[in-house]
There are 2 protein chains.
Amino acid sequence: MGKERIPEAAIRRLPVYLRVLEELSEDGVDVVSSAELAARAGFSSEQIRKDLAYFGAFGTRGVGYDPVVLSSKLKRILGLTGDVKVALVGAGNLGTALARHNLNRHKEVRISAIFDRDWDKVGKSIAGVEILPIEDLEKVIRAQGIKMAIIAVPAVEAQAVADQLMAAGVEAILNFSPAKLQSRPGTYIQSIDLMTELQALAYYTTPNSGSARLAGDEREVSEGEVSTV
Amino acid sequence: MGKERIPEAAIRRLPVYLRVLEELSEDGVDVVSSAELAARAGFSSEQIRKDLAYFGAFGTRGVGYDPVVLSSKLKRILGLTGDVKVALVGAGNLGTALARHNLNRHKEVRISAIFDRDWDKVGKSIAGVEILPIEDLEKVIRAQGIKMAIIAVPAVEAQAVADQLMAAGVEAILNFSPAKLQSRPGTYIQSIDLMTELQALAYYTTPNSGSARLAGDEREVSEGEVSTV
DNA sequence: ATTTGTGAATTACTTCACAGCA
DNA sequence: TGCTGTGAAGTAATTCACAAAT
């Protein structure tokens with residue numbers, strides 16, 4: 001049982017397990033093995049068992065896991081209980097897409113407040129949520145008790161927005177700007193830089209013609225494995 | 001010098017270094033230390049030196065790196081030379097946002113073809129690029145010599161799209177669907193599941209009231225570090 | 001008979017610490 | 001002197017392999 005430090009990588013896999021388990025629950029499946037879960041989630045079965053073991057023993061030996069029970073445990077572990085509200089700052093292309101995307105899918109987490117500094121956007125709605133002026137950020141976040149936020153503003157504004165969010169009591173931030181953000185103690189910041197991810201992809205392609213790269217020629221490419229969704 | 005295996009983590013940092021170096025180049029900076037680079041990129045200086053060392057020795061001892069020279073080397077290593085074209089499949093909220101996002105920023109990589117299976121969208125343009133029917137995918141990708149693609153379609157369609165892309169000669173795919181994709185040898189697939197990332201964030205927030213989580217209470221939160229952009 | 005849960009072994013990645021060079 | 005480049009050391013994460021449980 002888990003008295004060791006929990007790898008961040010394990011935490012980030014839990015929501016994937018959760019999604020698969022909820023699909024299985026809906027399909028009325030009443031038992032699933034770590035091997036089956038592994039096949040559906042795209043990780044190894046040992047990895048799944050190890051990740052779960054950090055938090056306790058949720059399965060039955062010789063049998064497997066109950067999707068309903070395990071998904072409920074995972075939600076509890078992740079803190080996805082009740083109505084988890086998220087603030088979105090920046091209603092540009094990406095922010096708008098994220099808000100609409102969120103509407104369709106997941107019920108676990110809900111974008112419940114959207115802010116933008118552009119007064120032309122204020123008052124309009126995305127996915128049924130009204131865009132508010134950034135000046136109202138702290139007031140609204142405190143009133144709603146929001147603890148999570150998404151930053152989808154240009155790089156130059158990102159740190160200022162992060163500071164406002166942290167001042168308003170936000171404890172976890174998903175940052176889509178390419179800026180390196182300074183966090184304060186008690187706040188977790190995860191950054192995803194989409195254009196940087198895209199550029200890194202190029203490394204795994206073969207040069208179109210001539211001109212080999214430097215040492216990078218032992219670059220390896222998946223041998224029919226499964227990608228980590 | 002680099003005869004060891006190159007960590008995937010290092011590859012994914014290179015584009016970040018590249019962005020910082022290009023900013024410095026534009027500002028006319030003619031020398032930068034790994035420490036300065038580290039501060040701007042959000043990693044440690046040793047990490048940067050180690051990452052670069054996998055590919056060669058690009059600096060001058062006692063001095064530092066020339067931003068123009070080093071950014072040129074990094075582009076070469078990553079394969080970001082000439083006109084790197086990317087196909088985008090799926091012109092929904094996220095796909096559209098990515099296409100517009102790409103237009104504004106990076107010149108290194110360019111979305112040069114967009115596909116959607118919805119005939120209402122076909123013929124329209126995003127960021128100056130016409131949306132083509134998915135039936136034309138292989139023909140267009142081969143004609144343009146495209147090696148990289150972005151999948152932004154619903155989960156159920158994702159594997160079929162990936163198969164078509166691989167059949168058309170695409171070697172690296174950035175997958176935004178929550179589906180676990182099977183890749184074939186010679187193709188690299190990187191997946192980003194935005195909703196899953198968002199759910200993982202919840203783990204790092206404190207429970208709003210009552211009901212502690214399971215073993216997850218030794219969850220740690222950054223102590224004023226810097227996030228990895 | 002089958003599948004979990006887990007220490008041990010392995011592999012991957014990062015940080016240290018300092019020799020080497022301008 | 002100052003900063004790079006790099007083996008060695010350390011830490012983190014994954015995989016192995018098998019005992020425990022039903």
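Throughout, a chain's letter reflects where its sequence line sits, starting with A, and its residues are numbered from 1.
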| query | D:dT15 phosphate, OP1 or OP2: any side-chain N/O from A:Ser44 under 4.0 angstrom? | reply | yes
| task | Tell me what A:Ser45 touches on the nucleic acid: a base, only sugar-phosphate, or nothing, going by heavy atoms under 4.0 Å. | result | nothing
| Interatomic distance, A:Phe58 CZ vs D:dA21 P [rounded to whole Å] | 18 Å
| Would you say C:dA12 has OP1 or OP2 under 4.0 Å from some side-chain N or O of B:Tyr54? | no
| note | Closest of D:dA13, D:dT6, C:dG5 to the B:Lys50 side chain is D:dT6
| field | Minimum-distance nucleotide (side-chain atoms of B:Glu46 versus D:dG5, C:dC16, D:dA13) | value | C:dC16
| task | Could you tell me whether the phosphate oxygens of C:dT14, OP1 or OP2, come under 4.0 Å of any side-chain nitrogen or oxygen in B:Arg13? | result | yes
| field | Under-4.0 Å side-chain N/O to phosphate OP1/OP2 contact, B:Ser34 with D:dT4 | value | yes
| task | Would you mind telling me which of D:dT14, C:dT3, C:dC13 lies closest to the side-chain atoms of A:Ser33? | result | C:dT3
| message | Can you tell me if B:Arg61 touches the phosphate of D:dT1, counting only side-chain N or O atoms and a distance under 4.0 Å to OP1 or OP2? | response | no
| Between D:dT14, C:dC13, D:dG5, which nucleotide gets closest to the side-chain atoms of A:Gln47? | D:dT14
| For A:Lys75, side chain to side chain donor-acceptor pair (under 3.5 Å) partners two or more places apart | A:Glu22
